[in-house]
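Source: prediction; values computed, not measured. Chain letters run A, B, ... following the sequence lines, proteins first, then strands; residues in each count from 1.
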2 protein chains.
Amino acid sequence: MTTNKRATIKHVAKAAGVSTQTVSRVINDRPDVSPETRVRILQIIEDLNYQPSALARSLIQQRSFTLGVVTSGLKEYIGPSRTLNGITSKAAELNYALLLEELPHFDTENIKPLLQSLLSRHVDGIVWAVPEVGDNRRWVDEILMDVPVPVVFLTMQPRARVTTVSVDNFSGGVLATQHLLAQGRRNVGHISGDLDWWEARQRKQAWQETMAKAGTKPQDRQFSEGNWSCACGEAAFNQLLQSYPEMDAVFVANDQMALSVLQIAHQKGIKIPGDLAVIGFDNITESPFFWPALTTINQDQHELGARAIQELASQIETLQRNEKIEPLNILLATELIVRESSANQ
Amino acid sequence: MTTNKRATIKHVAKAAGVSTQTVSRVINDRPDVSPETRVRILQIIEDLNYQPSALARSLIQQRSFTLGVVTSGLKEYIGPSRTLNGITSKAAELNYALLLEELPHFDTENIKPLLQSLLSRHVDGIVWAVPEVGDNRRWVDEILMDVPVPVVFLTMQPRARVTTVSVDNFSGGVLATQHLLAQGRRNVGHISGDLDWWEARQRKQAWQETMAKAGTKPQDRQFSEGNWSCACGEAAFNQLLQSYPEMDAVFVANDQMALSVLQIAHQKGIKIPGDLAVIGFDNITESPFFWPALTTINQDQHELGARAIQELASQIETLQRNEKIEPLNILLATELIVRESSANQ
DNA sequence: CTGAAAGCGCTAACAC
DNA sequence: GTGTTAGCGCTTTCAG
């Protein structure tokens, strides 16, 4: 915590009795430096604890090797955190640094200052790791015109002209519903997440369509809207028990709410999976340890972040070669994890 | 996603027919510009969508308004994520940008490249938001000498010459143990976290000392080591049931493991809180919805991050005024949250 | 009130 | 192989 001034390329050059250019060649591993000079300079660099300034480099090379990351919901949810983990590990692998911004709310309106903070620091690209909620993508077409770097959006309805990477919530919902039907259940209810969320709508729609295909188009009373939280999961389940008493299986849109369902069921003496099969969504760390262990749909949020960075980096490279970048919509597969809560009757 | 080149101060100056200095004065809100000139330039800035380059500024001002944040465990734990949330919100408030790095493991050895990545981008300070685990603070005294900016460490044993901000795990553990005793329980067991962690050791020690003070110095058989995970919580609890059959209360070092305890208890027909009072630690979002609702110790991880940024910013200001910075060890209070799992017999 | 010159730390382009 | 010149985009200093 001393306040050593950092050594600059000039200090090194002076100490070595060469020009800064020669030092520059050494730190950039250029071939045209005599072996002796190189060794001498490397030694001095070591002695002086010299580190090239990435800032100065960014300025002249018009490239910062820094990406902007915009996230939201770190306080309440583990999802953004897992995605961030995928982002940091892939970025480290590809040698990019990350500038992090967090939106105070999923639907924060005022994103211009945030974008400008990133752009003023010359990020090479931006990952928008905020789920699509309500109308929070309204600005995309308008503002993106003014953004001079590639942007990759996570967890958003695929659309033309924009690169998106999302988990395939629809096919995940199909997997969940089909599994319950395959277990011989016929009266399958659904507790959704907040339907303002694109993900919640996808999962619900998958349930509806899969049920319809099985010849049992669901009625309104077979469904209840939650908001992802345990509290709302309780309320939604209680409502469903009233409105859909013959229910023998329920697809719950996330594991948190599924936990509430299990707890309430115990309290009311409803046997799981005997009376009611339960499947969640997410595969959080705790779900194997629920009682009974929760059947769920695994979504790889780490991979989501990693893929986003990979795409972004590849677009940056493309641009660097003066080629045109092609928008891309990527969907990641989900996986059914069968545990006890959905076992056969 | 177009590739508009960014406008520079030169473009603005040329368009306004003034020198770049005058533009500089306007964007820095200096008084010595005629009102008309100012208005004209502001208009042009607007038209050109001009944004000053923070990079160029950082270079000349020797100050980047950027902080480095080092975290770890984003994939498995919600704690780092909550802390990060406190960091992002306080940083936004104080107008700092954040460069994020994540250690692959809590005890990653090779931290030099990571520090250099941050320093090469001229961060004004660093928050080390990684818990103290095993020997992962070994480098502090040695390496910190070479770091030319202030560093604040989170969740670490207070020590001289270093600024630390931590939750007071010891007093939290005292609160937990005292509460169980106050409920009339006498046989209080403890399931710890991974004792490689400083936090786990603090909580355990608090339990030991509080019990001793109450005249019931705990024996080895009243304790079992977990590793924070549900899986290990199960194992530890099962062991405790064997080794300490008269146990009528248990202080579990985190809420995840406490969940496992509740589940196992149900399976074995142990009544909670009748036969066994349970208290957790952390106050995760789900714990009010456990069955029964979990009594726990709340730790404010958001505040932890926010305080760290506040201290760091204040140290940076101090340095800016050429004053000396004083290392500081801050402990944040915890809070007892009483719910059903520890109710009176 | 405004401008010219110098320079933050580095590299591209050219010379020798 | 190595040095010189210019300049990335901005601010500081000084002159007027």
Answer yes or no: does a side-chain N or O of [X] lie under 4.0 Å from OP1 or OP2 of [N]?
X	N	value
B/Thr20	D/dG9	no
A/Arg40	D/dT2	no
A/Thr22	D/dG1	no
B/Ser24	D/dT12	no
A/Gln62	C/dT11	no
A/Lys10	C/dC8	yes
A/Thr37	D/dT2	yes

Of B/Leu59 and B/Pro31, the one whose closest DNA chain C nucleotide lies more 5': B/Pro31

Given that B/Arg25 and A/Pro52 both sit by DNA chain C, which one's nearest nucleotide is further toward the 5' end? B/Arg25

So which nucleotide from [options] ends up closest to the side chain of [X]?
X	options	answer
A/Arg57	D/dT2, C/dC10, D/dG3	C/dC10
B/Ser34	C/dT2, D/dG7, D/dC10	C/dT2
A/Ile27	D/dT11, C/dT11, D/dT13	C/dT11
A/Ile60	D/dG7, C/dG3, D/dT2	D/dG7
A/Val33	D/dT2, C/dT2, C/dG9	D/dT2

Spacing between [X] atom [atom1] and [N] atom [atom2], to the nearest angstrom:
X	N	atom1	atom2	result
B/Leu55	C/dC10	CG	C1'	12 Å
A/Arg63	C/dA12	CZ	C1'	17 Å
A/Asp32	C/dA12	CG	P	12 Å
B/Asn28	D/dC10	CG	P	11 Å
A/Lys14	D/dG3	NZ	P	16 Å
B/Ile9	D/dG7	CD1	P	17 Å
A/Tyr50	C/dC10	OH	C1'	7 Å
B/His122	C/dG9	NE2	P	7 Å

Ionic contact status for A/Glu76 with B/Arg82, cut-off 4.0 Å: no

Closest approach of A/Phe106 and A/Gly73, non-hydrogen atoms and distance? CZ-CA, 3.9 Å

Specify the closest pair of heavy atoms between A/Ile111 and A/Ile143, including all atoms of both residues, with the distance to one decimal. CD1-CD1, 4.0 Å

If you look at every strand shown and take non-hydrogen atoms under 4.0 Å, does [X] touch a base, only sugar-phosphate, or nothing?
X	result
B/Glu36	nothing
A/Ser19	base
A/Arg30	sugar-phosphate

Go through the structure and list residues passing ring pair (Phe, Tyr, Trp, His ring centres under 6.0 Å) with B/Tyr96, not counting sequence neighbours. B/Phe65

Roughly how far apart are A/Asn49 CG and B/Asp146 CG, rounded to 0.5 Å? 5.0 Å

Taking the side chain as C-beta and beyond, is there a heavy-atom pair between A/Arg159 and A/Val162 under 4.5 Å? yes

Taking the side chain as every heavy atom from C-beta outward, state whether A/Glu101 and B/Thr88 have any pair of such atoms under 4.5 Å apart. no

So, under a plain 3.5 Å distance rule, would you say the side chain of A/Arg6 forms a donor-acceptor pair with the base of C/dG9? no

Could you check whether the side chain of B/Gln21 and the base of C/dA4 have a donor-acceptor pair of N or O atoms closer than 3.5 Å, going by distance alone? yes

